[in-house]
Number of protein chains: 2
Amino acid sequence: MAKQPDKTDSTREKIILQAGPIFASKGFRAATVREICDKAQVNLASINYYFGDKQQLYFEAVVRAREMRVEQVPQPEWDASMGPHRKLKGFVGLILDRLVAMQNEPWQVRLLMREILQPTEACSHLVKEYFRPFFDSLLEIVDDIVEAPLPQHVRTKVGLSIVGQCLYYRFAAGLTSLIISDEDFQEHFDRDSLAEHITSFSLAAIRNYVREPGPQTEQK
Amino acid sequence: MAKQPDKTDSTREKIILQAGPIFASKGFRAATVREICDKAQVNLASINYYFGDKQQLYFEAVVRAREMRVEQVPQPEWDASMGPHRKLKGFVGLILDRLVAMQNEPWQVRLLMREILQPTEACSHLVKEYFRPFFDSLLEIVDDIVEAPLPQHVRTKVGLSIVGQCLYYRFAAGLTSLIISDEDFQEHFDRDSLAEHITSFSLAAIRNYVREPGPQTEQK
DNA sequence: TAGGTTGTCAAACAGTTGTTTGATACGGTT
DNA sequence: AACCGTATCAAACAACTGTTTGACAACCTA
């Protein structure tokens with residue numbers, strides 16, 4: 001077994017950092033240990049030596065991807081005096097930067113999305129460690145917007161509506177680029193424009209939605 | 001080469017129908033021609049005989065998945081006299097039924113989502129043949145809701161906000177089930193509750209959003 | 001009946017896969 | 001020096017991959 005698990009430039013570290021992009025772009029199955037070892041310039045047997053097997057390397061790559069992503073895009077500070085629009089926009093922007101990352105598509109993001117789409121054991125780790133508290137802090141912002149507290153399930157649905165609008169641009173990026181012209185995309189669908197739209201759209205929805213829920217319970 | 005491409009219970013047909021679910025749940029790479037032929041109870045060489053290679057079989061399975069899904073969940077009729085809420089709810093429900101299909105997750109849906117996430121040549125076929133007109137008919141409903149016509153890019157963004165809210169429950173189904181308790185999910189996140197929420201949320205957003213776009217251009 | 005097309009089959013092919021092995025070298029401790 | 005845990009390496013292993021082959025049977029046409 002390996003002894004020092006956290007030296008910085010060790011063979012173990014090189015493997016994780018090279019395996020991440022490959023897993024991200026090809027998926028677990030299509031990524032081969034030979035390609036990973038080639039890119040990392042380590043011997044073929046190193047993966048099994050340090051991680052036991054390919055699956056465990058994948059797990060560690062996912063965990064590392066999350067850690068790196070949080071470091072790369074730190075959460076902006078919330079000022080209690082900020083208006084709801086700016087606060088919500090700050091969070092929407094954070095989702096777009098951290099989890100959507102439209103322009104550069106870092107491997108960490110693509111790997112995390114892979115985990116969301118087809119959860120392995122790594123996903124429950126991500127939820128407990130990251131997604132849950134992340135989502136809760138969004139719901140606190142929603143709480144600030146509405147005057148009367150929302151029923152729990154409505155609160156959750158509203159939060160997921162906001163998250164859904166953002167994550168669409170990650171999940172369906174390939175489809176969107178086939179639907180929208182390139183010029184339109186460059187001009188109107190950059191990070192800031194989307195943050196502004198999703199924020200305004202959601203804010204308007206929350207305020208109006210709570211006020212007049214529409215024919216909710218009735219209507220067959 | 002094969003002669004009759006459209007006999008109903010032919011070997012060719014059996015292969016497509018058995019390959020679909022396997023591609024859907026495992027992806028192109030992890031699905032093996034041996035498993036497909038076993039399930040279809042045909043000889044191993046049949047795939048290459050009828051489709052040339054595995055890739056072409058995948059393409060045809062995707063196309064077939066779309067056709068079957070449109071048949072399985074037909075578009076409800078639009079009554080011009082219907083109010084905007086009912087009209088929009090009808091369309092949101094159609095997305096949820098056809099493309100999200102939360103309860104049973106048919107293989108056709110999972111295969112189409114796979115194409116959206118990682119587009120192959122099959123995806124541009126899907127867009128031209130299906131997604132584009134589908135999305136356009138949503139935008140027409142949006143047009144009916146607003147009085148003054150929207151700028152093109154805003155129109156598109158609004159449409160994608162609606163679609164995004166729906167598709168979230170397909171893409172992140174695994175994550176959602178880890179965030180929400182099972183009882184909550186059964187009780188409040190069924191197809192009808194979600195359709196109602198997304199419709200009301202979006203309707204409120206559109207009406208309020210257009211009226212007061214918020215601090216759009218200003219604000220640094 | 002003869003000949004050709006179409007479909008099915010078992011077997012093999014050539015390449016890739018994750019993993020294991022045994023040898024070898026390095027670096028520190030006794 | 002002798003020793004031992006750590007690390008790296010080339011090579012091989014066994015299983016699996018998509019695809020090809022050639023034989024054989026069923027069917028239709030002439």
Side-chain angles (χ1 to χ4, degrees), chain A residues 1-64 111 114-115 118 120-122, chain B residues 1-62 64 111 114 118 120-122:
Chain A
M1 292 296 167
K3 207 171 197 180
Q4 59 251 21
D6 46 1
K7 290 280 190 215
T8 53
D9 61 336
S10 63
T11 298
R12 187 187 161 85
E13 195 68 7
K14 280 198 294 182
I15 293 176
I16 292 186
L17 260 39
Q18 293 298 328
I22 298 177
F23 281 136
S25 60
K26 308 181 140 189
F28 176 78
R29 179 82 179 239
T32 72
V33 295
R34 278 177 174 79
E35 181 182 1
I36 293 171
C37 290
D38 279 358
K39 286 252 171 65
Q41 291 179 309
V42 302
N43 186 267
L44 177 60
S46 300
I47 285 180
N48 298 89
Y49 180 74
Y50 281 101
F51 300 94
D53 62 3
K54 185 187 174 187
Q55 185 76 47
Q56 183 60 23
L57 166 61
Y58 175 83
F59 181 89
E60 298 211 23
V62 172
V63 172
R64 176 64 59 90
L111 191 54
R114 230 173 240 287
E115 233 351 79
Q118 276 194 327
T120 69
E121 41 183 324
Chain B
M1 291 297 168
K3 208 172 196 178
Q4 60 251 22
D6 46 2
K7 289 281 188 214
T8 53
D9 62 335
S10 62
T11 299
R12 186 187 164 86
E13 196 68 7
K14 280 198 293 181
I15 294 177
I16 292 187
L17 262 38
Q18 294 296 328
I22 298 177
F23 280 136
S25 60
K26 307 182 143 190
F28 176 78
R29 178 82 179 238
T32 72
V33 293
R34 279 176 173 81
E35 180 181 2
I36 292 170
C37 290
D38 279 358
K39 285 253 169 65
Q41 292 180 308
V42 301
N43 185 265
L44 178 59
S46 301
I47 285 181
N48 299 87
Y49 179 75
Y50 281 101
F51 300 93
D53 61 2
K54 183 187 175 187
Q55 185 75 49
Q56 184 60 24
L57 167 60
Y58 176 83
F59 181 90
E60 298 211 24
V62 171
R64 175 64 60 90
L111 191 54
R114 229 172 243 284
Q118 277 193 328
T120 69
E121 42 184 324

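Order of the sequence lines sets the chain letters (A, B, ...), proteins ahead of strands, with each chain counted from 1. Here the structure is a predicted model, which is why all the values come from computation and not from measurement.
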The reported gap from CG in L57(A) to CZ in R64(A) (rounded to nearest 0.5 angstrom) is 11.0 Å
Rounded to the nearest 0.5 Å, what separation is found between the CG atom of L44(B) and the CD1 atom of I36(B)? 10.5 Å
Minimum-distance nucleotide (side-chain atoms of R34(B) versus dG18(D), dT20(D), dT17(C)): dG18(D)
Taking OP1 and OP2 of dT17(C), is either one under 4.0 Å from a side-chain nitrogen or oxygen of R29(B)? yes
Atom-to-atom span, NZ of K54(B) to P of dC16(D) - whole angstrom: 15 Å
When the distance from CD of E35(A) to P of dG15(C) is rounded to whole Å, what number comes out? 20 Å
Any donor and acceptor pair, going by atom type alone, linking the side chain of E115(A) with main-chain N or O of T120(A) inside 3.5 Å? yes
Would you say a side-chain N or O of Y50(A) is under 4.0 Å from OP1 or OP2 of dT6(D)? no
Between Q55(A) (CD) and dT17(C) (C1'), how many Å, whole number? 15 Å
Considering only side-chain heavy atoms of A45(A), which listed nucleotide, dA10(C), dC9(D), dG18(C), is closest? dC9(D)
Could you tell me how far apart Q56(B) (CD) and dT19(D) (P) are, to the nearest whole angstrom? 11 Å
Would you say N43(B) reaches dG7(C)'s phosphate, i.e. side-chain N/O to OP1/OP2 under 4.0 Å? no
Is any side-chain nitrogen or oxygen of Y49(A) closer than 4.0 Å to OP1 or OP2 of dT8(D)? no
For E13(B) and Y50(B), test the side chains for any donor-to-acceptor distance below 3.5 angstrom and give the result as yes or no. no
Do T32(B) and K54(B) have side chains that approach each other closer than 4.5 Å (heavy atoms only, starting at C-beta)? no
Between CG of D38(A) and P of dC9(D) the distance, given in whole Å, is 12 Å
Name the nucleic acid region contacted by A30(A), choosing base, sugar-phosphate or nothing; use a 4.0 angstrom heavy-atom cut-off, strictly under. nothing
When all nucleic acid strands are considered with a 4.0 Å heavy-atom cut-off, which category describes L44(B): base, sugar-phosphate, or nothing? base
Verify the contact: side-chain N or O of T11(A) to OP1 or OP2 of dA7(D), cut-off strictly under 4.0 Å; return yes or no. no
Rounded to whole Å, how long is the line connecting atom CG of N48(B) with atom P of dA10(C)? 16 Å
Separation of Q41(A) atom CD from dA7(D) atom C1', in whole Å? 17 Å
I47(A) CD1 to dA7(D) C1', in whole Å, measures 16 Å
